[in-house]
Amino acid sequence: MSEPLTVTDAADPRLSDYTDLTDVELRRRREPAEGLFIAEGEKVIRRALAAGFRMRSMLLTAKWLGVMGDVIAEADAPVHLVEPALAEQVTGYHVHRGALASMERKPLPTAAEVLAGARRVAVLEGLVDHTNLGAIFRSAAALGMDAVLLSPDCADPLYRRAVKTSMGAVFSVPYARLDPWPAALGTVREAGFELLALTPSGAEDFTAARPHLLPRAALMLGAEGDGLTPKALAAADQRVRIPMAHGIDSLNVGAAAAIAFYAVNHG
C-alpha cells in the first residue's frame, strides 16, 4: 500500500508528470518520449490498471481518497494528495474528476501481430483530432472490431483527451502503426483482408456491398473533412458508403465509423 502524501508546492518534482496537461504540442512530444500517459478519472484509471498498465504515480484531491481507496491499497507507486487549486495550477485546468494517474506505456505491437487472428479491423488515415480518435476506439470496442491500424500521422491514442473520450477503450482494442504509408497497406492485404474505403465518392452502398459476408475486412476511414487521400483510395479493393437522406453528403467521422463498424459486422 502507498500512503498518500500531501504535496503543497506546484514546482515539486514529484508532480512533474502532470505539468501543463493542456499544452497539446508539449504533451504530444513529451509523453511518448518519456514512456508515459495520463489516465483521468476513476473508471479510466481502473481500466488502465485492469489492462496491465503499470502506474507511475497518482494525483488526488481529498474527496477522492475514499473512492480510490482500494486502488491506493494495491498501489506500489506514490500517491500525491493535493488541494484542487494546486491541481489546477500544475495541470493547467480544473481537474473536476479529481483523480489522475501517470501510467507507463507498453511497447507498441507490429501490424502483423495485431492482424493475427483478427477478422475485422479499422484502418485510420490522418486522424489528428483526439476526440474523434477516442470516439472511434470506443465504437470499435463496442461494435466488434478486433483491432485498429493507424497511419503514421494519426494522433496518439494514449493522449489524455483520446483516452477520456474512449472511456478507456484504447486499452482494450489492440492497435499498431502502419509505416510506411500507404505502402504498408500491403501488409493488411497479405494477411487476407479486403480493404474497404469509406467514401461518398464513386462508392457502393453498404447494403449492396454486403461487407459482413467477407471472411476478413479492413475498413479504411480518413480525417474529418478531407477524407481518405487519393493514394489511400487507390490502394483499396472496394469503395463503400453509408446511404443518406435529405441531401446530407457526409457525417462526422466518429458517427460514420460507428455505423460502418456495425455494417461490416452485422450487415
Side-chain angles (χ1 to χ4, degrees), residues 1-106 127-138 141 154-173 254:
M1 176 178 178
S2 292
E3 187 68 28
L5 297 176
T6 300
V7 180
T8 58
D9 183 2
D12 192 309
R14 291 175 293 179
L15 304 183
S16 63
D17 282 2
Y18 306 95
T19 56
D20 301 317
L21 293 186
T22 57
D23 189 331
V24 179
E25 289 305 316
L26 172 66
R27 299 302 301 198
R28 282 177 61 187
R29 295 192 304 271
R30 180 185 169 195
E31 290 184 10
E34 296 182 21
L36 68 92
F37 70 91
I38 300 298
E40 180 180 3
E42 177 200 358
K43 290 182 179 178
V44 171
I45 292 172
R46 291 183 185 278
R47 287 172 183 172
L49 291 169
F53 289 94
R54 183 181 178 277
M55 185 186 294
R56 291 163 56 111
S57 67
M58 196 185 312
L59 180 71
L60 294 175
T61 55
K63 74 173 186 177
W64 287 89
L65 281 173
V67 174
M68 302 301 291
D70 59 321
V71 175
I72 295 170
E74 297 179 7
D76 60 357
V79 178
H80 309 307
L81 185 62
V82 298
E83 291 294 325
L86 184 65
E88 184 170 353
Q89 185 180 352
V90 171
T91 63
Y93 72 104
H94 177 60
V95 188
H96 67 279
R97 291 176 183 264
L100 296 169
S102 174
M103 313 294 294
E104 286 188 1
R105 291 175 181 249
K106 298 178 184 179
L127 263 291
V128 296
D129 184 282
H130 294 98
T131 301
N132 282 335
L133 188 66
I136 289 172
F137 266 88
R138 188 172 182 180
C154 277
D156 177 12
L158 293 183
Y159 180 69
R160 178 177 58 89
R161 193 175 302 142
V163 173
K164 180 180 176 181
T165 305
S166 79
M167 289 299 294
V170 294
F171 308 139
S172 59
V173 180

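Values below: every heavy atom of this structure, side chains too, minus hydrogens, waters and symmetry copies.
- Distance check, rounded to the nearest 0.5 Å: CG of Leu81 to OG1 of Thr6 gives 4.5 Å.
- The CG atom of Leu100 sits 6.5 Å away from the OG1 atom of Thr91 when rounded to the nearest 0.5 Å.
- The two atoms that bring Ser172 and Ala141 nearest to each other are OG-CB, 4.1 Å, heavy atoms only.
- Note: Arg28 CZ to His130 NE2 = 5.5 Å, rounded to the nearest 0.5 Å.
- When side chains are defined from C-beta on, Thr131 counts as touching Arg161, because their heavy atoms get closer than 4.5 Å.
- Contact between Pro157 and Val163 at its shortest, heavy atoms only, is O-CG2, 3.5 Å.
- Residue Leu15 comes nearest to Leu59 through the heavy atom pair CD2-CD1, 3.8 Å, listed as atom of the first residue, atom of the second, then distance.
- Across Leu65 and Pro4, no two heavy atoms sit closer than the pair CD2-CG, 3.9 Å.
- The CG atom of Leu158 lies 10.5 Å from the CE atom of Met103; values are rounded to the nearest 0.5 Å.
- Figure legend: cation-pi geometry between Arg160 and Tyr93, with NZ or CZ positioned under 6.0 Å from the six-membered ring centre and within 45° of its axis.
- In plain terms, the two heavy atoms of Val82 and Ala87 that are nearest each other are CG2-CB, 3.9 Å.
- Within the 4.5 Å cutoff, the side chain of Val71 has heavy atoms near those of the Arg46 side chain.
- Considering only residues two or more places apart in sequence or on other chains, Arg56 meets the side chain to side chain donor-acceptor pair (under 3.5 Å) condition with Asp17, Ser102.
- Minimum heavy-atom separation, Val44 to Ala39: CG1-CB, 3.8 Å.
- Residues Asp156 and Pro32 are in side-chain contact: their nearest non-hydrogen atoms beyond the backbone lie under 4.5 Å apart.
- The ring-ring contact (aromatic ring centres under 6.0 Å, His included) pairs that include a residue from residues 3-50 are Phe37-Phe53, Phe37-Phe171, where partners are two or more places apart or lie in different chains.
- Between Leu86 and Gln89, some side-chain heavy-atom pair lies under the 4.5 Å cut-off.
- Without hydrogens or angle criteria, Asp20 side chain to Asp23 main chain gives no donor-acceptor distance under 3.5 Å.
- Residue pairs meeting the ring-ring contact (aromatic ring centres under 6.0 Å, His included) criterion with at least one member in residues 62-84: none, sequence neighbours excluded.
- Atom CG of Leu21 sits about 4.5 Å away from atom CZ of Arg27, to the nearest 0.5 Å.
- Thr19 and Arg30 share a donor-acceptor pair across their side chains, judged by distance under 3.5 Å alone.
- Remark: Met68 CE to Glu74 CD distance equals 11.0 Å, nearest 0.5 Å.
- A 4.5 Å side-chain heavy-atom check between Val95 and Thr61 finds every atom pair outside the cut-off.
- Within a 6.0 Å sphere centred on CD of Glu83, heavy atoms belonging to other residues, nucleotides or ligands number 12 at most.
- Shown here is Lys106, whose NZ atom has more than 12 heavy atoms of other residues, nucleotides or ligands within 6.0 Å.
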